[in-house]
Amino acid sequence: MTSNLHLPGFLRRTLRSNEDDEEDDDLNLEDDGQPEDMRTTTSTSTSDTAQAHRESEIGSGHIIGGEAFENVGSGATPFNSLAEFDVGERSSFAKPTNDEPKKQKTYREIQFDRVMSANVVNMEELRKLSWNGIPYSYRALAWKILLGYVPTNSSRRATSIQRKRSEYQDSIAQHYDIPDDTRTQQEQETLRQVLVDVPRTAPEVPLFRNDRIRRSLSRLLYIWAMRHPASSYVQGINDLTTPLIVVFLSDYYDGGDVLDGHVMNQLTDEQLNEVEADVYGCLTNLLVGIQDHYTSDQPGVQRMVMRLEELVNRIDSDLCQHFADTGIEFIQFSFKWMNCLLLREFELPSVVRLWDTYISEKESGFEGFHVYVCAAFVCQFSAQLQSMNFDDLFAFMQDMPTSDWGDTEIEMLLSQAYVLSTLFGGSDAHLTSTNPNRK
């Protein structure tokens, strides 16, 4: 696949070298499904985080190990107890039918089982495992732990989540279930904007056309705005709830695809209230690190657009020059990428896989690493873009051809972004370089 991508020479050579490693790893599997190199190092400490990968020697040409970007295995029957697991291998959102025989756990699932069933979850190990994708049955709990919504200590988990759900219900009574004439003019305007945006949220997905989902989404967005007056509600925040809703709803669903909306025929009001509270709590924690993306003038988004332009100019100056020659500015297409975190460029299952990695990044997954993902993304289409005039280029950038992308393409994108972050991360070189295209 790499040969079809338009990438700088150093990046192609790095990825090609590692593809050879990945092929070797695939040939070294034994009957237990465990890679040979992993069997021989099982006793080695696994407390290194995904951040530690960045310390690899660039000069070796093996920045990305073969096992680091293995395809995501998927899980099986979801759990709701936050402690018990019943795992099998399957696709991201599929669930087993009653007559389907249980499959043995994969090596990857065994690793997640070991880490997440511990009395106290080791966050470093969880981050390292999650960076490469989270099996279905572990995803909901893993996200809640990584986002700091539930504690790592399993003995405190049930009490903590019950308290937070109760506090959210109190917020509904305080902010939402009140007469309209008691709201200030600003509060009425915020509510109006939320109610306008909710029907626009993932309208192509049947789940988000469900009235109960829309009602929950309206409540949690409005309550978030009321409790965060410094930023209040900004368009784009509604999109950020969709992966959380899908993942947390899937944890209750016992058959079929959650995206088709059929889950709502089975989900009780109590369960939906739990999902709503959990989405609110995780959204709040997620936005803490990127809150200036949604304050006045959105300086965080502006900053990321600038970083993207500087980075792409370093790795593909011909593309930047073509943008300048045709009158295309980065902010015209990448503002949406930063504001909505590529949620409108990919199908939701692909976004969920992308978020596994973002959430596992210790600090800047949704800002720093996201810029590298966007740079790798636009450079993939460089050859096509450089052959287009303004009208064709602008139309293409507004509707990127990713509808058929799956985990394989997302993981390739992540691998390219990882290489870029290894080469340019920890240095301001790509931010301070002189860009001849900037006026």
Chemist: Evaluate the criterion salt bridge (charged side-chain N to carboxylate O under 4.0 Å, His left out) for residue pair Asp278 and Lys164; output intermediate values, then yes/no.
Modeler: CA-CA 8 Å; Asp278 295 349; Lys164 291 179 179 179; over 6 Å; no
Chemist: Might you confirm whether atom CD of Glu167 has over 12 heavy atoms from other residues, nucleotides or ligands at distances under 6.0 Å?
Modeler: yes
Chemist: Quick check: does any side chain N or O of Thr326 sit under 3.5 Å from a backbone N or O of Phe323, one acting as donor and the other as acceptor?
Modeler: yes
Chemist: Measure centre to centre between the rings of Phe377 and Tyr372, then say whether the value is under 6.0 Å.
Modeler: no
Chemist: Do Arg314 and Glu310 meet the salt-bridge criterion of a basic N to acidic O distance under 4.0 Å?
Modeler: no
Chemist: Do the non-hydrogen side-chain atoms of Leu342 and Cys374 ever get within less than 4.5 Å of each other?
Modeler: yes
Chemist: Counting only N and O atoms by type, is there a donor-acceptor contact under 3.5 Å from the side chain of Tyr358 to the main-chain atoms of Arg353?
Modeler: no
Chemist: Under a 3.5 Å cutoff, is there a donor and acceptor pairing between the side chains of His175 and Tyr222?
Modeler: no
Chemist: Answer whether the closest heavy-atom distance between the side chains of Ile223 and Met226 falls below 4.5 Å.
Modeler: no
Chemist: How many angstroms lie between atom CZ of Phe346 and atom CD1 of Ile410, to the nearest 0.5 angstrom?
Modeler: 4.5 Å
Chemist: Give a yes or no on this: more than 12 heavy atoms of other residues, nucleotides or ligands lie within 6.0 Å of atom CG of Asp404.
Modeler: yes
Chemist: Calculate, to the nearest 0.5 Å, the distance between atoms SG and CG belonging to Cys282 and Leu146 respectively.
Modeler: 10.0 Å
Chemist: Would you say the rings of Phe366 and Trp355 are close, in the sense that their centroids are separated by under 6.0 Å?
Modeler: yes
Chemist: Between Gln321 and Asp325, does any side-chain donor sit less than 3.5 Å from a side-chain acceptor?
Modeler: yes
Chemist: Using modelled atom types and a 3.5 Å cut-off, is there a donor and acceptor pairing between side-chain atoms of Arg108 and backbone atoms of Leu129?
Modeler: yes
Chemist: Any ion pair linking Arg114 and Glu125 (charged N to carboxylate O, less than 4.0 Å)?
Modeler: yes
Chemist: Looking only at heavy atoms, which two atoms of Ile178 and Ala173 are closest? And how far apart?
Modeler: CG2-O, 3.6 Å
Chemist: So, the side chain of Thr106 versus the backbone of Glu109: is there a donor-acceptor pair under 3.5 Å, distance only?
Modeler: yes
Chemist: What do you reckon, is CG of Asn265 surrounded by more than 12 foreign heavy atoms closer than 6.0 Å?
Modeler: yes
Chemist: For the pair Arg139 and Asp251, find out whether any cationic side-chain nitrogen is under 4.0 Å from an anionic carboxylate oxygen.
Modeler: no
Chemist: Please answer whether the main-chain N or O of Leu385 pairs with a side-chain N or O of His322 as donor and acceptor at a distance below 3.5 Å.
Modeler: yes
Chemist: Given the rule in the side chain to side chain contact (heavy atoms under 4.5 Å, CB included) test, do Gln416 and Leu420 qualify, once you have shown the distances and angles that lead to the verdict?
Modeler: CA-CA 6 Å; Gln416 295 159 12; Leu420 293 175; 5.7 Å; no
Chemist: Between Glu361 and Trp131, is any side-chain donor less than 3.5 angstrom from a side-chain acceptor?
Modeler: yes
Chemist: With a 4.0 Å cut-off, would you call Asp269 and Arg212 a salt bridge?
Modeler: yes
Chemist: What is the ring orientation for Phe330 with Phe333, classed by angle as parallel under 30°, tilted 30 to 60°, or perpendicular over 60°?
Modeler: tilted
Chemist: Measuring only between side-chain heavy atoms, which start at C-beta, is Leu141 closer than 4.5 Å to Phe248?
Modeler: no
Chemist: Checking Tyr280 now: which residues fulfil ring pair (Phe, Tyr, Trp, His ring centres under 6.0 Å) with it, not counting sequence neighbours?
Modeler: Tyr168
Chemist: Between Thr152 and Arg156, does any side-chain donor sit less than 3.5 Å from a side-chain acceptor?
Modeler: no
Chemist: Do the side chains of Val279 and Glu276 get nearer than 4.5 Å, heavy atoms only?
Modeler: no
Chemist: Between Phe381 and Pro401, what is the shortest heavy-atom contact and its length?
Modeler: CE2-CG, 3.7 Å
Chemist: With the side chain counted from C-beta on, respond yes when Pro349 and Asp407 share a heavy-atom pair under 4.5 Å apart, and no when they do not.
Modeler: no
Chemist: Quick check: closest heavy atoms across Ala417 and Ala376, and the distance to 0.1 Å?
Modeler: N-CB, 4.0 Å
Chemist: Main chain of Val198, side chain of Thr201: is a donor-acceptor contact present, judged purely on distance under 3.5 Å?
Modeler: yes
Chemist: Are any non-hydrogen side-chain atoms of Tyr176 and Ser171 less than 4.5 angstrom apart?
Modeler: no
Chemist: Are Tyr252 and Glu274 linked by a side-chain donor-acceptor pair shorter than 3.5 Å?
Modeler: yes
Chemist: Quick one: do Thr268 and Gln271 satisfy side chain to side chain contact (heavy atoms under 4.5 Å, CB included)? Show the steps, please.
Modeler: CA-CA 5 Å; Thr268 66; Gln271 290 171 330; 3.2 Å; yes
Chemist: So does Cys340 get a backbone contact from the side chain of His293, meaning a donor-acceptor N/O pair under 3.5 Å?
Modeler: no
Chemist: How long is the span from the CG atom in Asn153 to the OG atom in Ser160, to the nearest 0.5 Å?
Modeler: 10.5 Å
Chemist: Side chains of Val246 and Ser250: does their closest heavy-atom pair fall under 4.5 Å?
Modeler: yes
Chemist: Could you tabulate the donor-acceptor pairs under 3.5 Å formed by side-chain atoms of residues 188-197, not counting sequence neighbours?
Modeler:
residue, atom, partner, partner atom, Å
Gln188, NE2, Asp180, O, 3.4
Gln188, NE2, Arg183, O, 3.2
Glu189, OE1, Arg192, NE, 3.4
Glu189, OE2, Arg192, NE, 3.4
Glu189, OE2, Arg192, NH2, 2.9
Thr190, OG1, Gln186, O, 3.0
Gln193, NE2, Asp197, OD1, 3.1
Gln193, NE2, Asp197, OD2, 3.3
Asp197, OD1, Arg200, NH1, 3.4
Asp197, OD1, Gln235, NE2, 3.1
Asp197, OD2, Tyr233, OH, 2.8

Chemist: Would you mind checking if Glu204 and Arg209 are paired as a salt bridge, meaning a charged N to carboxylate O distance below 4.0 Å?
Modeler: no
Chemist: Do Glu187 side-chain atoms and Thr184 backbone N/O form a donor-acceptor pair below 3.5 Å?
Modeler: yes
Chemist: Report the residue from Leu249, Asp260, Leu348 that forms a side chain to side chain contact (heavy atoms under 4.5 Å, CB included) with Leu207.
Modeler: Leu249
Chemist: Measuring from His370:NE2 to Ser364:OG, what's the distance to the nearest 0.5 Å?
Modeler: 12.0 Å
Chemist: Check for a donor-acceptor pair, side chain of Gln266 on one end and backbone N or O of Val263 on the other, with a separation under 3.5 Å.
Modeler: no
Chemist: side-chain hydrogen bond (donor to acceptor under 3.5 Å, both in side chains) with Ser382: which of Gln380, Gln384, Gln386?
Modeler: Gln386
Chemist: Kindly indicate whether the side chain of Phe208, heavy atoms from C-beta on, has any atom under 4.5 Å from the side chain of Pro199.
Modeler: no
Chemist: Atom CZ of Phe335 and atom CE of Met304: how far apart are they, to the nearest 0.5 Å?
Modeler: 11.0 Å
Chemist: State whether the side chain of Ser216 and the backbone N or O of Ile213 hold a donor-acceptor pair below 3.5 Å, judged by distance alone.
Modeler: no
Chemist: Flag the pair Arg307 and Glu367 as a salt bridge only when some basic side-chain nitrogen lies within less than 4.0 angstrom of an acidic carboxylate oxygen.
Modeler: yes
Chemist: Between atom NZ of Lys336 and atom CD1 of Ile331, what is the distance when rounded to the nearest 0.5 Å?
Modeler: 14.0 Å
Chemist: Can you pull the salt bridge (Lys or Arg N to Asp or Glu O under 4.0 Å) pairs that have at least one residue in residues 380-399, sequence neighbours excluded?
Modeler: none
Chemist: For residues Thr295 and Ser231, report the shortest heavy-atom separation together with the two atoms involved.
Modeler: CG2-CB, 3.9 Å
